[in-house]
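Numbering starts at 1 and runs along the sequence shown.
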Amino acid sequence: MKKIIIAVLALVMTGACTDKKVQEQKDLASQSTIDSLTEVVNQKNNELNDIMSTFSDIQEGFRQINEAEGRVDLARKGGEKSSRSDILENIAFIKRTMDLNKERIAKLKEQLKESSFNNVKLQATIENLNKELQNKQQQINALQAELDAKNVHIADQDKQIADLNTNVTTLSADNDAKARAIEQQDKQLHTAWYVFGTKKELKEQHILESSNRVLKGGNFNKDYFTKIDIRVDKVIKLYSKSAKVLTSHPAGSYSLDKDANGLYTLRISNPTAFWSVSKYLVVVVK
């Protein structure tokens, strides 16, 4: 009888252990499922935030364009001698901002294509933004034609036609040169470069030296970097499960986020602060 009791107890204990292991496995499987779902949710949230950030930049661009158009209208109605110069400066600003918005809309389209969202309304929104941009372009073209026509009209009626033409030509040339200079300065101000690669790759390009010194030598390969517009490019996919930023950038101006596949993406939340220390970004991956 004693042996039977011991055998029964052994079976009960074995069964209890087995049940415990089964439960632990179920718990692990459940936690793994939760972790996977969390990663998916985080990825979707990050993608949505990226899309909304770009959309917000586009809206701000259109707001600035509308303000500049308002200044043009005021200058046209004022009839002041400086109005033509003011109009030309504002038109140049509008053209630059429209070009920037064109890049942003293309970026938004790319983000939507690469994201897990397949929303018809978002696609329609992008089409509407393109139409708005085209309408603005037509308005600017019409305004430019109107200014050219008025210039001819004034030239026909003015008794001092020779002096007027000379002044207008000089003024136009000065404004064109000024606009080109501003555009060039604008591009330089908002241009940055980034690169990511393994330690071996970065060392081969002399970007990373011994003792993890970054960009300390003057002979690093600048052609290895990717050129970006910091107003447009705020998300950099690193395609790696291991990533570390080597250059100095203020904490809180960016984040390294994992997608559902565990691959890192660098998101720049504050471009002005992020690029304030250096216009070069170096990330080492594995």
Distance check, rounded to the nearest 0.5 Å: [X] atom [atom1] versus [Y] atom [atom2]?
X    : Y    : atom1 : atom2 : answer
K107 : D229 : NZ    : CG    : 10.5 Å
F225 : F196 : CZ    : CZ    : 12.5 Å
L122 : I51  : CG    : CD1   : 6.0 Å
T265 : K258 : OG1   : NZ    : 12.0 Å
E110 : L112 : CD    : CG    : 11.0 Å

Flag the pair [X] / [Y] as yes when at least one side-chain heavy-atom distance between them is below 4.5 Å, and no otherwise.
X    : Y    : value
T125 : L108 : no
L238 : L256 : yes
L208 : R213 : no
F62  : L133 : yes
I91  : Q144 : yes
I207 : L215 : yes

Between [X] and [Y], what is the shortest heavy-atom contact and its length?
X    : Y    : result
A68  : I94  : CB-CG1, 3.4 Å
H206 : F220 : O-CB, 3.1 Å
N219 : E209 : OD1-OE2, 4.3 Å
K241 : Y264 : O-CE1, 3.3 Å
S276 : P250 : OG-CG, 4.0 Å
L129 : I58  : CD2-CG2, 4.0 Å

Check: Is there a path from F55 to M98 through hydrophobic residues (I, L, V, M, F, W, Y) whose side chains come within less than 4.5 Å of each other?
Finding: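 In one cluster with F55: M98, yes.
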
Item checked: ILVMFWY cluster, L48 and I126 together (side-chain gap under 4.5 Å) ->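 Same hydrophobic cluster.
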
Next item on the list: Decide side-chain contact (heavy atoms from CB on, under 4.5 Å) for I140 and K95; before the verdict, give the C-alpha distance in whole Å, the side-chain angles of both, and the deciding distance to 0.1 Å.
Entry: CA-CA 8 Å; I140 293 302; K95 287 180 178 179; 3.9 Å; yes

Margin query: Taking salt bridge (charged side-chain N to carboxylate O under 4.0 Å, His left out) as the cut-off, I'd like each qualifying pair that reaches into residues 196-208, sequence neighbours left out, listed once.
Written below: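 Pairs touching residues 196-208 that pass the test: none.
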
Next item on the list: Could you name each residue pair satisfying salt bridge (charged side-chain N to carboxylate O under 4.0 Å, His left out) that touches residues 122-132, not counting sequence neighbours?
Entry: none

Notebook entry, point to check: When you look at Y194 and I268, which way does the side-chain contact (heavy atoms from CB on, under 4.5 Å) test go after all the steps?
Noted result: CA-CA 12 Å; Y194 78 87; I268 302 171; over 6 Å; no

Item checked: Step-by-step salt bridge (Lys or Arg N to Asp or Glu O under 4.0 Å) determination, R231 to E103 -> CA-CA 10 Å; R231 298 166 297 182; E103 291 181 36; over 6 Å; no

Check: For L100, which fellow cluster members are found when Ile, Leu, Val, Met, Phe, Trp and Tyr are connected by side-chain heavy-atom distances below 4.5 angstrom, either directly or through intermediates?
Finding: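 V232, listed by chain and number.
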
Check: With F274, which residues qualify under ring pair (Phe, Tyr, Trp, His ring centres under 6.0 Å), at least two apart?
Finding: H249, Y254

Notebook entry, point to check: Under the side chain to side chain donor-acceptor pair (under 3.5 Å) rule, what pairs show up with a residue in residues 49-63, not counting sequence neighbours?
Noted result: D50-R267, T54-Q111, D57-K234, E60-R63, E60-Q64, R63-E67

Notebook entry, point to check: Is there a donor-acceptor pair closer than 3.5 Å between any side-chain N or O of D259 and the backbone N or O of N261?
Noted result: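 Confirmed, D259 side chain pairs with N261 backbone.
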
Next item on the list: Show your working on side chain to side chain donor-acceptor pair (under 3.5 Å) between N141 and Q137 and close with a plain yes or no.
Entry: CA-CA 6 Å; N141 291 342; Q137 185 62 60; 3.0 Å; yes

Cut-off 3.5 Å, no hydrogens considered: what does the side-chain donor-acceptor table look like for residues 277-286, sequence neighbours left out?
| unit_1 | atom_1 | unit_2 | atom_2 | d |
| --- | --- | --- | --- | --- |
| S278 | OG | Y280 | N | 3.0 |
| S278 | OG | Y280 | O | 3.2 |
| K279 | NZ | L189 | O | 2.9 |

Item checked: Verdict with supporting geometry, D223 and Q205, side-chain contact (heavy atoms from CB on, under 4.5 Å) -> CA-CA 9 Å; D223 294 333; Q205 304 301 324; over 6 Å; no

